[in-house]
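Keep in mind that this is a model prediction, so the values were computed, not measured. Residue numbers begin at 1 in each chain, while the letters A, B, ... track the order of the sequences.
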2 protein chains.
Amino acid sequence: MTHSTAHDSHHHAHDWAQLLRGRGLRATAQRMAVLEFLHDHPHSDAETVFQAIRPALPTVSLQAVHLIVQDLSGKGLIRRISLPDSASARYETRIEDNHHHIQCIHCGRIEDVDCVVGHAPCLEPDDTHGMRIIEASIVFRGICQDCDALINQQAKEKP
Amino acid sequence: MTHSTAHDSHHHAHDWAQLLRGRGLRATAQRMAVLEFLHDHPHSDAETVFQAIRPALPTVSLQAVHLIVQDLSGKGLIRRISLPDSASARYETRIEDNHHHIQCIHCGRIEDVDCVVGHAPCLEPDDTHGMRIIEASIVFRGICQDCDALINQQAKEKP
DNA sequence: TATTTATATTGAACTACTAAAAACAACTGC
DNA sequence: GCAGTTGTTTTTAGTAGTTCAATATAAATA
């Protein structure tokens, strides 16, 4: 019988330490801080994570963050996302499902795309060239409403 | 009535010069060399293109290649591909159709994926978060037969 | 608690790409 | 065909993101 507070069940308190040890990784403060931040702020890049966790861990280095996200990706605890319109790699803790992403080519804003209409077919190319498919990475490139309005406005101003 | 030799029809000789001028770009030797090479070697990165065309154009610089692929992408003559398992951007001349790619996560080999079973749905996420979709970039990550065999063999050698 | 060993830190280096100014070459009109 | 204009390329530097190597540190184990 497990005790779980209302806060826990709502927040789904993650035992990052146990998760790390389960994959044969040591539960360090840096790794847990990275996991915690990525859980609350998906699609963050290494620099953003670094800046965010620095106040709590003043000695942390950007290189350490790079090393951590690499290790965690390798062990499947987080997922690395490389988007056409972002120079740096992004990371997220949501790895259980096969979800995809949509990014505004103007402002770079990124959102999750939970599923694709007709979903399954997207994971089955008709000719795999003899390859065993591990995952399908689908990135939708678009323009968000804000940027669209902004562009239309700019077009009016100087014709 | 057009004259076309057997060689032409087979090789589908491209008039890169005319294609460039049609988009308001000057037909320079560098640009034509880049187009020609990318046509024969799709999914090449800037460095590869640079090395390939250098023998014919000894004064060409890597920076020029970067600039050229950027210009050509901007004018829609080539397409830029960014793959999760490749650090550098790749380029291809095949832009008419909406085809996708499959890459081996082990050796990095890239192949075209002409179509997806059930095709159309992949271009329609169920929630666009208010964004206007411009394109869907689908990359299949997998392991090719050669690498799969290699990995299995290595696993046997040291258990 | 002491020891072992993984992990973090530090500092440097590397790769892909971009920027700015000068040299050059493609298109225009003569 | 030749000269002028302007778009391109070259050259030189620089930047961002990431990785590497050696040392220092801290987590797990006994």
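The side-chain hydrogen bond (donor to acceptor under 3.5 Å, both in side chains) with H101(B) is formed by just one residue from the set E92(B), R90(B), E111(B); it is E92(B).
Placement of V34(A) and L67(A) in two distinct hydrophobic clusters is found when ILVMFWY residues are connected by side-chain heavy-atom separations under 4.5 Å, directly or transitively. Linking ILVMFWY residues whenever their side-chain heavy atoms come closer than 4.5 Å, directly or via other members, places F37(B) and L77(B) in the same cluster.
Note: R80(A) CZ to I95(A) CD1 = 15.5 Å, rounded to the nearest 0.5 Å. To the nearest 0.5 Å, atom CG of residue D71(A) and atom CZ of residue R26(A) are 12.5 Å apart.
With a heavy-atom cut-off of 4.0 Å to chain A, the contacted part of DNA chain D has its first and last nucleotide at dG17(D) to dA28(D).
Atom C1' of nucleotide dA6(C) and atom NZ of K75(A) are separated by 12 Å, given to the nearest angstrom. Atom-to-atom, CG of D71(A) to C1' of dA6(C) comes out at 10 Å; the value is rounded to the nearest Å.
Legend: ring pair (Phe, Tyr, Trp, His ring centres under 6.0 Å) pairs involving residues 45-97 of chain B, not counting sequence neighbours: none detected.
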note = Whether each nucleotide of nucleotides 17-30 of chain C has a protein heavy atom under 4.0 Å at its base (B), only at its sugar-phosphate (S) or at neither (-) is summarised, 5' to 3', as BBB-----BBS---
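Side chains of I53(A) and V65(A) form a contact here, defined as non-hydrogen atoms less than 4.5 Å apart.
Taking all atoms of both residues into account, the shortest heavy-atom contact from I68(A) to Q30(A) is CD1-CB, 3.5 Å.
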